[in-house]
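Structure first, commentary second.
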Amino acid sequence: MDQTNDTVVFEFVLVGLSGSWKTTIFLISTFSLLYLSIILGNLFIVFLVITDSHLQSPMYFLLANLSLIDFGISSSTVPKMISDLLKEHRVISFHSCMTQACFIHIMGGGEMVLLIAMAFDRYTAICKPLHYLRIMSPKICILFVVTSWVTGVVHALAQFFFVINLPFCGPNKVDSFCCDFPQIVQLACVDGDKFELVVAANSGFISMGTFFLLLLSYVFILVTVLKRSSGDLSKALVTLSAHITVVVLFFTPCMFIYVWPFPTSSIDKYLFIVDFAITPALNPVIYTLRNKDIMVAIKRLCKVTSSDKYC
């Protein structure tokens with residue numbers, strides 16, 4: 001990562017979130033509570049899946065990995081955002097900025113692939129129940145997880161090696177609370193239109209393509225179930241409702257940020273908050289609220305750790 005020849009910018013100023021002292025206290029409290037819920041909720045799901053033998057299935061294996069990714073993507077942004085709210089001069093070094101952007105896209109790209117894997121898992125369970133365990137074998141599940149991480153790394157590095165070679169010689173203010181490649185490209189000392197298009201094509205194409213692929217898969221599942229028995233449609237809707245909710249929450253901000261990139265409006269930074277703080281905090285609730293297996297597993301855990309009256 002050598003920028004000595006062309007780059008004279010050694011740090012970026014993050015100006016995304018600012019306001020009065022009362023507003024700052026409110027934001028610190030809100031994001032601290034959100035991050036605490038992200039840690040407790042997502043790591044609790046991982047712990048529950050690992051320790052409860054009744055949850056040793058492909059569906060929950062993928063869910064545990066999704067929780068790890070949610071925890072990772074929040075940890076790469078939210079703690080820095082909270083600490084910056086306490087500072088008057090909010091800066092991030094050039095190297096740290098690039099590293100943060102890479103982590104965001106590694107986790108984000110990995111989550112997209114993992115959501116596809118979870119949709120395939122639900123398709124197999126609902127439409128091919130007799131072949132479910134054969135199709136969703138442990139090897140296939142591990143392959144899905146490895147593929148998600150490899151895809152995330154390739155996706156991030158493709159943009160990283162493109163952006164790192166751009167010259168940065170002047171503006172260094174980022175109107176956001178974290179670094180991301182679209183905002184960084186805007187600060188390069190070049191005619192940025194074609195470079196912005198490259199970044200948009202990378203992230204935008206993946207976001208839009210994955211979103212519509214997932215929606216089509218859910219529609220296909222529901223149509224297949226409806227053809228077999230209209231009575232099973234409500235059961236399928238209950239099963240898929242959590243997945244559809246998570247997909248909409250995750251991809252709606254992504255598409256606004258990357259499909260229509262580099263807006264003059266400052267709405268992007270608030271969409272980042274949805275993706276990096278609100279959605280990871282809601283995912284554990286969404287996946288557990290109507291999931292009988294996990295609720296039963298929680299009750300079993302309560303019985304082991306305390307007396308029945310506390311559960």
Side-chain angles (χ1 to χ4, degrees), residues 1-3 6-17 69-84 90-113 148-190 192 195-207 210 250-251 253-263 266-277 279-280:
M1 193 187 300
D2 181 14
Q3 77 269 22
D6 299 316
T7 305
V8 296
V9 171
F10 295 99
E11 65 180 21
F12 293 103
V13 179
L14 302 175
V15 295
L17 294 175
I69 287 180
D70 279 340
F71 170 72
I73 198 170
S74 298
S75 296
S76 66
T77 55
V78 179
K80 170 67 175 172
M81 179 178 66
I82 295 172
S83 66
D84 280 349
R90 300 158 186 169
V91 299
I92 184 171
S93 69
F94 185 89
H95 292 278
S96 296
C97 183
M98 291 296 177
T99 301
Q100 185 182 61
C102 277
F103 269 107
I104 288 172
H105 284 267
I106 288 171
M107 300 294 178
E111 182 159 347
M112 291 180 189
V113 175
S148 70
W149 282 101
V150 170
T151 302
V153 169
V154 171
H155 164 65
L157 291 182
Q159 297 191 78
F160 170 77
F161 287 118
F162 173 76
V163 174
I164 197 67
N165 290 314
L166 296 178
F168 295 90
C169 56
N172 68 337
K173 290 187 177 181
V174 180
D175 187 20
S176 183
F177 63 84
C178 67
C179 286
D180 197 9
F181 292 125
Q183 286 78 19
I184 299 171
V185 169
Q186 284 186 299
L187 302 178
C189 299
V190 291
F195 298 108
E196 293 172 1
L197 182 61
V198 172
V199 175
N202 188 312
S203 296
F205 175 78
I206 292 176
S207 300
T210 305
F250 177 76
F251 280 98
C254 283
M255 287 190 292
F256 275 100
I257 293 169
Y258 298 114
V259 178
W260 292 279
F262 319 106
S266 61
I267 193 173
D268 265 20
K269 57 190 174 188
Y270 302 108
L271 293 175
F272 273 122
I273 293 173
V274 174
D275 250 357
F276 299 153
T279 300

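Positions are given from 1 along the sequence.
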Here the gap from I106 atom CD1 to L157 atom CG, rounded to the nearest 0.5 Å, amounts to 6.0 Å
Smallest heavy-atom separation, R90 atom then D84 atom, equals NE-O, 2.7 Å
Rounded to the nearest 0.5 Å, the CD atom of Q100 sits from the CG atom of L14 at a distance of 7.5 Å
(message) Apply side-chain contact (heavy atoms from CB on, under 4.5 Å) to residues I184 and F94 and explain how you reach the verdict.
(response) CA-CA 10 Å; I184 299 171; F94 185 89; 5.7 Å; no
Is it the case that the side chain of Q183 and the backbone of V174 share a donor-acceptor pair, with hydrogens and angles ignored and the cut-off at 3.5 Å? no
Rounded to the nearest 0.5 Å, the CZ atom of F168 sits from the CZ atom of F12 at a distance of 5.0 Å
D180 meets the side-chain hydrogen bond (donor to acceptor under 3.5 Å, both in side chains) criterion, sequence neighbours left out, with H105, Y258
task: Evaluate the side-chain contact (heavy atoms from CB on, under 4.5 Å) criterion for residues V113 and W149: first the C-alpha distance (whole Å), next the side-chain angles of each, then the deciding distance (0.1 Å), finally the verdict.
output: CA-CA 8 Å; V113 175; W149 282 101; over 6 Å; no
Would you check if the side chain of S74 reaches a backbone N or O of A277 as a donor-acceptor pair within less than 3.5 Å?
no
Can you tell me if D275 uses its side chain to pair, donor with acceptor, with the backbone of L271 under 3.5 Å?
no
Heavy-atom closest pair (I104 atom, C178 atom, distance to 0.1 Å) is CD1-SG, 4.1 Å
On a heavy-atom basis, the closest approach of G108 and F250 is O-CZ, 3.9 Å
Could you give me the CA-CA distance, side-chain angles and deciding distance for F160 and V153, then say whether side-chain contact (heavy atoms from CB on, under 4.5 Å) is met? CA-CA 10 Å; F160 170 77; V153 169; over 6 Å; no
side-chain hydrogen bond (donor to acceptor under 3.5 Å, both in side chains) filter on S75, not counting sequence neighbours, yields Y35
The reported gap from SG in C102 to CE in M107 (rounded to nearest 0.5 angstrom) is 11.5 Å
In terms of heavy-atom contacts, S207 and M112 come closest through OG-CE, 3.3 Å
Taken in chain and number order and not counting sequence neighbours, the residues that satisfy ring pair (Phe, Tyr, Trp, His ring centres under 6.0 Å) with F272 are F276
Closest non-hydrogen contact found for I92 with S96 is CG1-CB, 3.6 Å
Smallest heavy-atom separation, D70 atom then E111 atom, equals OD1-OE1, 3.0 Å
Rounding to 0.5 Å, atoms CD1 (I206) and CZ (F251) come to a distance of 10.0 Å
